[in-house]
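Protein chains get the first letters and strands the later ones, always in sequence-line order, with residue 1 at the start of each.
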There are 2 protein chains.
Amino acid sequence: MFKRAKQSRVFQDVVEQIQDAILSKKLAPGTRLPAERDLKEMFNTSRGTLREALRVLEQKGLIEIKLGVTGGAIVKRIDTDPIMESLALLIRSGEVSLGHLSEFRIKIESSLVELATERASSDDIQEMERLLAKARQCFDNQDWETFLQTDEAMHTFIGTMTRNPVFQFVQKSIHENIHRYYRDYLPMNHERTLENLNDFEKIIAAMKAKDGAAASAIIADHVRRFHEKMTGKNP
Amino acid sequence: MFKRAKQSRVFQDVVEQIQDAILSKKLAPGTRLPAERDLKEMFNTSRGTLREALRVLEQKGLIEIKLGVTGGAIVKRIDTDPIMESLALLIRSGEVSLGHLSEFRIKIESSLVELATERASSDDIQEMERLLAKARQCFDNQDWETFLQTDEAMHTFIGTMTRNPVFQFVQKSIHENIHRYYRDYLPMNHERTLENLNDFEKIIAAMKAKDGAAASAIIADHVRRFHEKMTGKNP
DNA sequence: TTTTTTTTAATGGTTAAACCATTTAATTGC
DNA sequence: GCAATTAAATGGTTTAACCATTAAAAAAAA
């Protein structure tokens, strides 16, 4: 029913105070906290304990610590990096497999493309075309590493087009982690590259026509082919 | 192109060594690391620096630190708690709104229920019925707090039924964080409670019939009603 | 003997003071 | 003016001691 009341850990109290100040916008991103030697006085603690608190805040992605005379703890804008780092740990530990990830991707990515199509501005579509053109160039140059990067960028950008940060971070997490395997397990080849290019061309066309259902169907098929190859190779 | 080679931070090196040992299963969950005073000798560092490393590992969810004579750093089984903590930070900071979350939920939850229906064992369905019965009891007793808990447990359990940890953690994250708002903004009332009970009754029936499409349609409607009420009240 | 209480020892948590390494700004010398 | 040097502030690290918590061992009581 109840949890223990007080952890008897001073550094936790310091973490909570600074975290609350950041979350309540009392400390804006970019703000520099006082120097360790000053903070330790404010919190009436030792420097070691204060530093443990700063370490935790840094790991949470709330502050960034810089060296040198103008250095110190700077309040960061909260982003999805810590989530992605934790997800990467789950994957590295084997708790989550590539099969799990790509199964999830089949379900989520068609919904995501549909939403992106509804909300796409003409600028968004231009950006997609720019990325596709870049991917084509990589194909011509046989620069598969940059091709993979551009492929990831296209998927991530579709996430951005949803205007919903939840979709954005899910999409970014999934693709960042899938591409890690991708590079390791799948030697790039021309067929796959062409498949990808053709798929994206069709998706952009559907987006221009505001045909969410069509865009959704194309990406579903695109992802399913990928899933089958991956699970076929890594059962 | 390149990142700076060495951070000149000793504790980072300690973090990486221990993290790698855990991820490569050289240190199994439940293993107790040597005492701080021994570890500091092994890494040839000071206790303060070593403790900063342990703090980071603790925050990453890789170890748990206990007090007392049998205490110390114990290797944890990696789970989704750190991801959910980070997501909660994103939400608290305002980077993610309830509208964002529930829009995502509409898209994901029907896929999730469909998958759960495909994979449901008879034990799973029994557990769902047990949870529904508990929810009914809360309704009779007008115990809305426990009702909300049970509602969350049912949604989370549907995630478990997918047998896919990605769906599980997404479902758990979403609902844990939605219910936080739920409690704050929506005074519980009989209509909503009855709606929820009826929805779950239908979903369980569809699961028994292995009718994923039906189960999916019911949950989609269930979530959509919730989304409309929430976005209506929090525009 | 069994139970309760006390003691003990190992562990993490904290403090203090000093020194090292990095970085930028101020100073110096040309 | 410009380059080299110096100085100062900051985080990073070390050391040595003490405090607080916990569970096992020992002692006392029943």
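- A donor-acceptor pair shorter than 3.5 Å cannot be found between the side chains of B:His100 and A:Gln168.
- A:Arg55 and A:Glu52 are not joined by a salt bridge, as no carboxylate oxygen comes within less than 4.0 angstrom of a charged side-chain nitrogen.
- In the set C:dA10, C:dG12, D:dG11, the nucleotide with an atom closest to the side chain of A:Leu67 is D:dG11.
- The cationic group of A:Arg130 does not satisfy the cation-pi geometry with A:Phe157, failing either the under 6.0 Å distance to the six-membered ring centre or the 45° limit from the ring axis.
- Across all strands shown, C:dT5 pairs with D:dA26; the Watson-Crick or G-U wobble distances both stay below 3.5 Å.
- The local environment of CZ in B:Arg77 is sparse, with at most 12 non-hydrogen atoms from other residues, nucleotides or ligands closer than 6.0 Å.
- Between the P atom of C:dT14 and the CZ atom of A:Phe11 lies a distance of 7 Å, rounded to the nearest Å.
- Shown here is A:Asn44, whose CG atom has no more than 12 heavy atoms of other residues, nucleotides or ligands within 6.0 Å.
- Taking the six-membered ring where the residue is Trp, A:Phe200 and A:His155 present perpendicular rings, their angle passing 60° and hence far from 30°.
- Salt-bridge formation is not detected for the pair B:Glu176/B:Lys172: no Lys NZ or Arg NE/NH1/NH2 atom is positioned less than 4.0 Å from an Asp or Glu carboxylate oxygen.
- Annotation: proximity of residues 48-56 of chain B to DNA chain C (heavy atom, distance under 4.0 Å) is found for B:Arg51, B:Arg55, numbered in ascending order.
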Notebook entry, point to check: Going through the checks in order, is the side chain to side chain contact (heavy atoms under 4.5 Å, CB included) test met by A:Ile63 and A:Lys76?
Noted result: CA-CA 5 Å; A:Ile63 62 172; A:Lys76 270 181 65 172; 5.9 Å; no
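- Between A:Lys66 atom NZ and C:dT24 atom P the separation is 9 Å, expressed in whole Å.
- Under the 6.0 Å cut-off for aromatic ring centres, B:Phe104 and A:Phe167 qualify, their centroids lying closer than that.
- Between B:Lys134 and B:Asp143, none of the side-chain N atoms (NZ, or NE/NH1/NH2) sits under 4.0 Å from a carboxylate O, so this pair counts as no salt bridge.
- For the segment residues 26-46 of chain B, residues with any heavy atom less than 4.0 angstrom from an atom of DNA chain C are, sorted by number, B:Ala35, B:Glu36, B:Arg37.
- Candidate nucleotides C:dT24, C:dT14, D:dT13 were compared by shortest atom distance to the side chain of A:Arg9, and C:dT14 ranks first.
- The separation between B:Ile65 atom CD1 and D:dT21 atom P is 17 Å, rounded to whole Å.
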Margin query: With side chain to side chain contact (heavy atoms under 4.5 Å, CB included) as the criterion, how do B:Ile158 and B:Met128 come out once you've worked through the C-alpha distance, each side chain's angles and the decisive distance to 0.1 Å?
Written below: CA-CA 8 Å; B:Ile158 296 176; B:Met128 282 296 290; 3.9 Å; yes
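- For DNA chain D, no neighbouring residue in residues 57-64 of chain A is found when judged by any heavy atom under 4.0 Å.
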